[in-house]
Amino acid sequence: MCGIIGYKGKKNAKDVLISCLGMLEYRGYDSSGIAVFRNDKVRIVKTVGRIENLKEKLLRYDLDESNMGIGHTRWATHGKVTEENAHPHKVGRVTLVHNGVIENYKEIQEKLKNYEFKSETDSEVVCALIDSYYNGNNELESIEKATKELKGSYALAIIFDGKDKIYGIKKDTPLILGIGNKEFILSSDICALLPYTNEYIVLEDDEIVEIGDKFNIYYDGIIIYKKIEISDYSLEEAMKNGYDHFMLKEINEQIDVSKKLYSKYITNDFINELIPDLSKYKRIDFVGCGSAYNASLIAKYFIDKYCTNGEFYCNSYEASEYRYSNHYFDKNVLAVFVSQSGETADTLACLRMCKEEGIDTLSIVNVISSTMARESKYILPMLAGPEICVATTKGYFSQSYICSLLCLKLMYRRRIIDKDELLRIMEELKKLPQYLETVINKDYKEIAKSIYKNEDIYYIGRGIDIYSCYEASLKLKEISYIHSECFASGELKHGPIALLSKGTPVIALLSEFSVHEKVINNIYEAKSRGAKIITIRKESINIDKNLSDYDVVVPLTSEFVQNLLMIVVCQILSYEVAKLRKCDIDKPRNLSKSVTVE
Ligand code: BG6
């Protein structure tokens with residue numbers, strides 16, 4: 001996905017656009033550009049690479065005297081990473097920036113015989129299409145006519161030659177209007193608005209916003225009035241606040257997130273009614289992408305372990321597969337969608353598919369103004385605050401925390417655990433912030449130094465540790481580009497052990513007491529092949545002191561919380577490894593914070 005921005009106000013548009021693009025850069029960082037409007041003329045500057053490159057290039061241009069403009073930071077989908085393919089695109093009298101994917105752009109391009117195209121992008125075709133309907137005065141009509149022909153997803157910010165207004169329209173991709181003091185900001189998400197205002201309007205599909213000295217929102221050509229919402233995000237939350245990276249800041253913020261989740265969902269040491277009782281359903285389908293899918297596996301693990309019987313069961317699905325596979329649906333099915341951004345295209349499409357099937361939908365989501373939060377029947381806010389680092393940490397933490405609460409409530413309703421047992425677990429949840437401090441304040445640099453040069457690193461575990469390994473391995477892959485896989489430790493000898501040679505790092509997670517001896521045997525198998533062993537274990541599990549090259553012990557707590565401590569160790573280890581490899585930790589190559597294209 002890309003980040004789009006539009007500004008109209010009293011300030012220097014160039015500066016505002018650049019600072020907002022900086023806040024949106026986690027959405028895509030292949031190329032960037034701005035277009036500013038002055039003296040009825042539109043001037044465009046764009047470049048390949050980061051906003052820093054654009055800032056540098058802008059030093060050679062005098063774009064200062066403008067109070068209106070649009071900007072873009074790109075995550076390439078259609079067309080290579082080149083300056084021609086960078087946005088803004090200008091065709092005829094129309095200049096625009098686009099986030100999304102137009103599936104039928106080739107057909108439309110065929111039709112636009114009188115136009116020459118400089119780029120390989122679908123966005124330039126949209127630009128030409130709007131221009132083909134434009135007669136110099138029908139801005140709204142030309143946008144409406146053109147967008148009616150588009151198949152796919154889009155958020156557009158548009159400027160017409162000679163008109164000091166910005167137009168915005170969206171379909172299946174977020175677009176928000178920020179309302180400041182005599183200034184307006186059109187943005188792909190809230191974070192970019194925060195330095196200027198926390199008042200905003202979320203645009204719905206096919207609504208057109210016209211921004212001049214004041215703004216109007218049109219639907220089907222008629223002005224509509226929409227409620228202004230107030231964001232509870234603070235600018236500080238969206239800044240690094242002295243940390244080297246957003247990832248390290250967000251890892252540390254998990255202490256506060258655990259406090260917020262406790263005070264939101266636990267009342268008088270009891271899981272409150274905000275956590276729904278799943279016992280009325282017969283099947284729960286958990287659906288998500290990437291780390292969100294990994295978090296849903298925690299719910300599946302506990303429901304399988306404690307709640308599944310002939311009448312009740314659950315499954316976890318990768319959204320891109322769930323969307324196109326066969327499912328039996330009836331009113332006894334609940335679909336739970338897990339998503340930090342609430343905009344991930346595959347997960348959103350699954351939500352809409354389930355709504356069409358008439359089944360109940362629940363979203364565990366962080367961005368409350370997001371499409372999934374607004375379209376779900378029920379939502380469970382993740383309270384993680386703005387998450388800027390592309391690789392999620394506190395987002396995954398909050399998702400798995402809430403998944404555990406869903407299971408615990410079900411177990412209590414099903415009398416699988418009694419009040420005393422639940423109170424004991426709630427006591428552990430209350431202590432979680434201090435456990436997290438213990439884990440976060442440990443030093444992992446020595447371990448990182450011993451493995452950061454390796455190009456292959458493996459994770460092993462059993463039971464719930466396998467699911468923590470999935471997330472740990474993904475994290476390492478995302479930010480350090482090291483090839484990493486995770487295996488059920490018992491499976492090692494049935495193939496993967498062939499990957500091990502002298503010095504190959506194997507990170508073993510040990511928090512499942514019932515099978516820890518089995519895992520220790522598997523560690524010895526790996527060790528006998530020369531692997532470098534790193535053990536991460538809960539303090540009640542003892543190992544021989546010579547078993548591992550490095551040993552990390554985490555506080556003992558309830559199994560419903562233990563995985564959260566294990567994964568935080570893995571998050572920090574990945575961070576330290578990526579730092580030693582001088583990787584761009586917050587903006588890893590080829591990734592984007594939430595993928596709004598299929
Ligand atoms: C990826 C992010 O693009 O999408 C991952 O880089 C994330 O961190 C995944 O887990 C799913 O995103 P979301 O917003 O639906 O949780």
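Atoms within a ligand are numbered from 1 in the order they appear, just like the ligands themselves. For clarity, every value in this text was computed on a predicted model and none was experimentally measured.
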Ligand 1 N/O within reach of [X] N/O, cut-off under 3.5 Å:
X	value
T347	no
V390	yes
K475	no

note = Residue pairs passing the side chain to side chain donor-acceptor pair (under 3.5 Å) test with at least one member in residues 396-410, sequence neighbours excluded, are none

What protein heavy atom lies closest to [atom]? Include the residue and the distance to one decimal.
atom	result
atom 16 (O) of ligand 1	Q340 N, 2.7 Å
atom 12 (O) of ligand 1	T344 OG1, 3.3 Å
atom 4 (O) of ligand 1	K593 O, 3.9 Å
atom 3 (O) of ligand 1	S592 O, 2.7 Å
atom 11 (C) of ligand 1	C289 O, 3.3 Å

ask   = Is the number of heavy atoms from other residues, nucleotides or ligands within 6.0 Å of CZ (F560) greater than 12?
value =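 Above 12, so yes.
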
Short N-O contact, [X] and [Y], less than 4.0 angstrom:
X	Y	value
K170	E204	no
E103	K151	no
R581	E455	yes

inquiry  = Among K377, K355, R283, which residue satisfies the salt bridge (Lys or Arg N to Asp or Glu O under 4.0 Å) criterion with D360?
reply    =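 Result for salt bridge (Lys or Arg N to Asp or Glu O under 4.0 Å) with D360: K377.
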
ask   = Judged by non-hydrogen atoms, does E478 sit under 4.0 Å from ligand 1?
value =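 The answer is yes, since E478 has a heavy atom less than 4.0 Å from ligand 1.
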
query = Judged by non-hydrogen atoms, does V595 sit under 4.0 Å from ligand 1?
reply =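 The answer is yes, since V595 has a heavy atom less than 4.0 Å from ligand 1.
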
task = Please state whether the rings of Y322 and H327 are parallel, tilted or perpendicular, taking 30° and 60° as the class boundaries.
result =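 Taking H327 first and then Y322, their aromatic rings sit tilted (interplane angle of 30° to 60°).
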
H72 and its ring-ring contact (aromatic ring centres under 6.0 Å, His included) partner, picked from H98, H87, H89 =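 Testing each of H98, H87, H89 against H72, the sole residue satisfying ring-ring contact (aromatic ring centres under 6.0 Å, His included) is H87.
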
request  = Using the six-membered ring of Y29, assess whether NZ or CZ of R74 lies under 6.0 Å from its centre and within 45 degrees of the ring axis.
outcome  = no

ask   = Nearest heavy atom to atom 14 (O) of ligand 1: which of S341, S291, S594, A319 does it belong to?
value = S341

inquiry  = If the cut-off is 4.0 Å to any non-hydrogen atom of A292, which atoms of ligand 1 fall inside it?
reply    = 10 (O), 16 (O)

inquiry  = Show me which atoms of ligand 1 lie under 4.0 Å from any heavy atom of S339.
reply    = 13 (P), 14 (O), 15 (O), 16 (O)

